[in-house]
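Here the structure comes first, spelled out in structure tokens, and everything after it is commentary.
Below, chains carry the letters A, B, ... as their sequence lines are ordered, and counting in each starts from 1.
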Amino acid sequence: MPEPHYQELVCAVARAIPSGRVSTYGAIAQFLALGSARMVGWALHQNRCHAPAHRVVNRKGELSGRIHFHTPTMMEELLRAEGVEVEQHQVVHFSTLFWDPSIALGDNWEPIL
DNA sequence: TGTTTGACCACGG
DNA sequence: GCCGTGGCCAAAC
């Protein structure tokens with residue numbers, strides 16, 4: 001069995017983010033205990049998997065990845081469609097909407113590839 | 001082949 | 001709070 005690539009792990013975690021919630025690059029990197037927040041950004045930029053990348057924001061709740069969507073407003077619209085309020089490219093009530101994979105998935109989670 | 005870059009973040013001052 | 005810095009490591013050049 002080949003070892004899963006970093007991208008696939010990131011995708012698997014991103015797919016686990018519930019609709020209406022958001023997570024961060026750093027939280028995913030820390031949860032995987034591999035690579036770094038930059039690597040998570042890189043992995044999502046590859047965009048090979050079908051992961052809800054719009055639910056991943058930076059640690060301040062800013063939509064730092066919006067530039068890389070098909071249109072600059074796409075990320076915001078997707079979030080709003082899920083009930084997430086966005087103002088000035090930033091998630092409103094970010095601290096309460098934040099979804100921490102290490103809490104939700106625990107230490108023994110195995111990726112679904 | 002080395003260097004720079006990047007959807008980032010923790011840390012120290 | 002805001003800086004500057006270091007670190008992470010694959011890709012692009």
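Note: A/N108 CG to A/E110 CD = 8.5 Å, rounded to the nearest 0.5 Å. Note that the CG atom of A/L44 and the CD atom of A/Q7 stand 9.5 Å from one another [nearest 0.5 Å].
Residue pairs meeting the disulfide (SG to SG under 2.5 Å) criterion with at least one member in residues 5-41 of chain A, sequence neighbours excluded: A/C11-A/C49.
Within residues 87-105 of chain A, no residue has any heavy atom closer than 4.0 Å to DNA chain B.
Partners of A/E77 under the side-chain hydrogen bond (donor to acceptor under 3.5 Å, both in side chains) rule, at least two apart in sequence or in another chain, are A/T73. Listed by chain and residue number, nothing satisfies the side-chain hydrogen bond (donor to acceptor under 3.5 Å, both in side chains) test with A/R15 (two or more places apart in sequence, or in another chain). Remark: A/Q90 engages A/E62 in a side chain to side chain contact (heavy atoms under 4.5 Å, CB included) (not counting sequence neighbours). Legend: residues meeting side chain to side chain contact (heavy atoms under 4.5 Å, CB included) with A/H68, ordered by chain and number and at least two apart, are A/H45.
The same atom, C1', is picked in C/dG4 and in B/dA7; the two are 22 Å apart, to the nearest Å. The same atom, P, is picked in B/dT4 and in C/dT5; the two are 16 Å apart, to the nearest Å.
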field: Working for side-chain contact (heavy atoms from CB on, under 4.5 Å), residues A/W109 and A/V13
entry: CA-CA 10 Å; A/W109 175 79; A/V13 177; 3.7 Å; yes
task: Apply side-chain contact (heavy atoms from CB on, under 4.5 Å) to A/V86 and A/M75, showing your working.
output: CA-CA 10 Å; A/V86 177; A/M75 186 174 185; over 6 Å; no
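For DNA chain C, the outermost nucleotides in 5' to 3' order that have an atom under 4.0 Å from a heavy atom of chain A are C/dG7 to C/dA11.
The hydrophobic cluster around A/I67 extends to none of the other residues, as no ILVMFWY side-chain heavy atom falls under 4.5 Å of it. Alongside A/I103, the hydrophobic cluster contains no other residue (criterion: ILVMFWY side chains under 4.5 Å).
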All N/O contacts under 3.5 Å from nucleotides 3-5 of chain B to the protein, with atom names and distances to one decimal?
none

Would you mind writing out the side-chain donor-acceptor pairs for residues 19-39 of chain A within the sub-3.5 Å range, not counting sequence neighbours?
| from | atom 1 | to | atom 2 | distance (Å) |
| --- | --- | --- | --- | --- |
| A/R21 | NE | A/L97 | O | 2.9 |
| A/R21 | NH2 | A/F98 | O | 2.8 |
| A/S23 | OG | A/W99 | O | 2.8 |
| A/T24 | OG1 | A/A27 | N | 3.0 |

message: At under 4.0 Å between heavy atoms, how does the protein contact nucleotides 7-13 of chain B? Give one character per nucleotide, 5' to 3', with B, S or -.
response: BBSS---
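Note on A/V56 and A/V92: separate hydrophobic clusters, where clusters join Ile, Leu, Val, Met, Phe, Trp and Tyr whose side-chain heavy atoms are under 4.5 Å apart, directly or indirectly.
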